[in-house]
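Below is one structure, written out as structure tokens; comments come after it.
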Protein chains: 2
Amino acid sequence: MQKKYLRIYNDLVKRIQSNSWTIGDLLPSENELAAQYDTSRETIRKALDLLSQNGYIQKVRGKGSVIINRNQFSFPVSGIESFTELTEKMALNSRTIVHSIKYLDPKNESMEILKGNPNEKVWNVNRIREIDGEKVILDKDYFNDKYIPLLTEEICQGSIYNYIENELGLVIGFAQKEIVVENPTEEDRELLDLEGFSNVVVIRSQVHLDDASLFQITESRHRPDKFRFVDFARRVKN
Amino acid sequence: MQKKYLRIYNDLVKRIQSNSWTIGDLLPSENELAAQYDTSRETIRKALDLLSQNGYIQKVRGKGSVIINRNQFSFPVSGIESFTELTEKMALNSRTIVHSIKYLDPKNESMEILKGNPNEKVWNVNRIREIDGEKVILDKDYFNDKYIPLLTEEICQGSIYNYIENELGLVIGFAQKEIVVENPTEEDRELLDLEGFSNVVVIRSQVHLDDASLFQITESRHRPDKFRFVDFARRVKN
DNA sequence: GAGTGGTCTAGACCACGAC
DNA sequence: TCGTGGTCTAGACCACTCA
């Protein structure tokens, strides 16, 4: 038995994406939807809140819920998404090269944040992402071995996130992400096709599980012409 | 009379920021908070949802609400925030130079998106942001004159957002933002202290009002060493 | 088993927009 | 005035964690 408000949300997303309404149209009112889906208004409101958060509608008091145009930009990277999810969605011609897998003692590597107990170690994976035959992204990932006891080349070759969520049953909760532009390191120059570019875009993130524990630190280093970040944001209210 | 859940949210933020709890601590349970604030549990849950969205807590089923560390990175730019708000928050030594104010016919300027009726025009403001004596950001803003009938140099010198929200009474709803790295234009080289940098970071956004109407397009061009973007994201659920 | 957060309900009153 | 979304309530049942 799926959650009712999620079922309604998914149904409405489907109806919006199939152009049942056009941009600027109003959704049926909350009371009408409550009747249609045979549920209470608060449950409808939960589904509509999700639609609003994800940029499908804008609620206007006294009027209704307006369908808005979310996909002004074509490369949806808002939120946490893995490279594999992304390339699948965009149908990019891509390849992943596992460059190295190491099992480190964090106290030697200035990765103090990741260590919980002093005898916990850290997995480090470096992967190169090739798009259309060019090496344009270097992903450096660090995992606490408390959560990921073993990493093999096969796992790293596929989607580590898929492995984590579906095989290990861990649930990602939230991430903090930082985007800056830096000078390329020796390693960048060696592993990527930088072609004279004098900068790389670096995305550093700390990924936490459902129970708020930090389990991964990543550094994703992009050739600047292949970088694009898209964000959908609501104005912060008081 | 302020909204109850907002009052509770603000109170809890204050208590968190004053270190009433440390990272990893549990908030009082929802039932206990409901009693403390003399309200229903659903109202408490609204306040906690806000805390969660804004990265103060992570709710864990069966356990409680965990205080999490939001400020691993020090430059909070997530969401929609204006340059003036930012510099104030960071206490930066900054200055704004209004370079030009123009009143344009959008059909000549490939700004078709902004025009609603054919006789509406568009305000264009170019401003240079100086930090510590260096010209490092070029902001190019375009406003539909339906919403902003008049822009003066004085308004542009201060915070346009402040003017819009407090003087005109307009309410910002949401924005779509895109971040890419580009080659500097002639204008960038002329107006900014680029010092041999061969890239600029460009943030393009479309800002919509509360009623979902598009009223502003902006392009913010940053010298790469002075650019930093921070994001707090929750994992998308199905 | 006790306590936690997650979902859902049926109803109430309010602020706002359109007519 | 009527319909809309926004807030708030009191209660119910469930799924989960932990002792």
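Source: prediction; values computed, not measured. Order of the sequence lines sets the chain letters (A, B, ...), proteins ahead of strands, with each chain counted from 1.
By the 30° and 60° cut-offs, the orientation of the rings of A/Phe232 relative to B/Phe174 is tilted. Between A/Tyr9 and A/Tyr56, the ring planes are perpendicular. Angles over 60° get that label, and only those under 30° would be called parallel. Ring pair B/Phe215/B/Tyr147 is perpendicular by interplanar angle, where above 60° counts as perpendicular and below 30° as parallel.
For C/dT9, the OP1/OP2 oxygens have a side-chain nitrogen or oxygen of A/Lys4 closer than 4.0 Å. Checking the phosphate oxygens (OP1, OP2) of C/dT7, a side-chain nitrogen or oxygen of A/Lys3 falls inside 4.0 Å. In this structure, B/Tyr5 reaches the D/dT7 phosphate: one of its side-chain N or O atoms is under 4.0 Å from OP1 or OP2. An OP1 or OP2 oxygen of C/dG5 is reached within less than 4.0 angstrom by no side-chain nitrogen or oxygen of B/Arg45. The side chain of B/Lys46 places no N or O atom within less than 4.0 Å of a non-bridging phosphate oxygen (OP1 or OP2) of D/dC8.
What separates CG of B/Asp49 from C1' of D/dC8 is a distance of 15 Å, to the nearest Å. Rounding to whole angstrom units, CG of residue A/Leu26 and P of D/dT4 are separated by 10 Å. The separation between B/Leu27 atom CG and C/dG5 atom P is 9 Å, rounded to whole Å. In this entry the distance linking CD1 of A/Ile57 with C1' of D/dT4 reads 13 Å, nearest Å. The distance from atom CG of B/Asp211 to atom C1' of C/dA18 is 14 Å, rounded to the nearest whole Å. Look at CG on A/Leu6: it is 11 Å from C1' on C/dT7, rounded to the nearest Å. Rounded to whole Å, the distance from NZ on B/Lys59 to P on D/dC16 is 16 Å.
Neither side chain, A/Asn31 nor A/Ser29, offers a donor N or O lying under 3.5 Å from an acceptor on the other.
Here the closest heavy-atom approach between residue B/Leu33 and residue B/Pro28 is recorded as CD1-O, 3.6 Å. The minimum heavy-atom distance between B/Ile8 and B/Thr43, with the atom names listed, is CD1-CG2, 4.3 Å.
Only one option out of B/Ile179, B/Val180, B/Ile137 pairs with B/Ile203 in a side chain to side chain contact (heavy atoms under 4.5 Å, CB included); it is B/Ile179.
Residues from residues 33-43 of chain B placing a heavy atom under 4.0 Å of any atom in DNA chain D, listed by number, are B/Thr39, B/Ser40, B/Arg41, B/Glu42, B/Thr43.
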Check step by step if salt bridge (Lys or Arg N to Asp or Glu O under 4.0 Å) holds for B/Glu30 and B/Lys59.
CA-CA 11 Å; B/Glu30 296 181 348; B/Lys59 305 181 99 187; 2.9 Å; yes

Strictly under 3.5 Å: I want the nitrogen or oxygen pairs between protein and nucleotides 2-4 of chain C, one per line.
unit_1: C/dG3; atom_1: N2; unit_2: B/Gly62; atom_2: O; d: 3.3
unit_1: C/dT4; atom_1: OP1; unit_2: B/Ser29; atom_2: OG; d: 3.4

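With respect to A/Asp141 and A/Arg127, a salt bridge is recorded, a charged nitrogen being found less than 4.0 Å from a carboxylate O.
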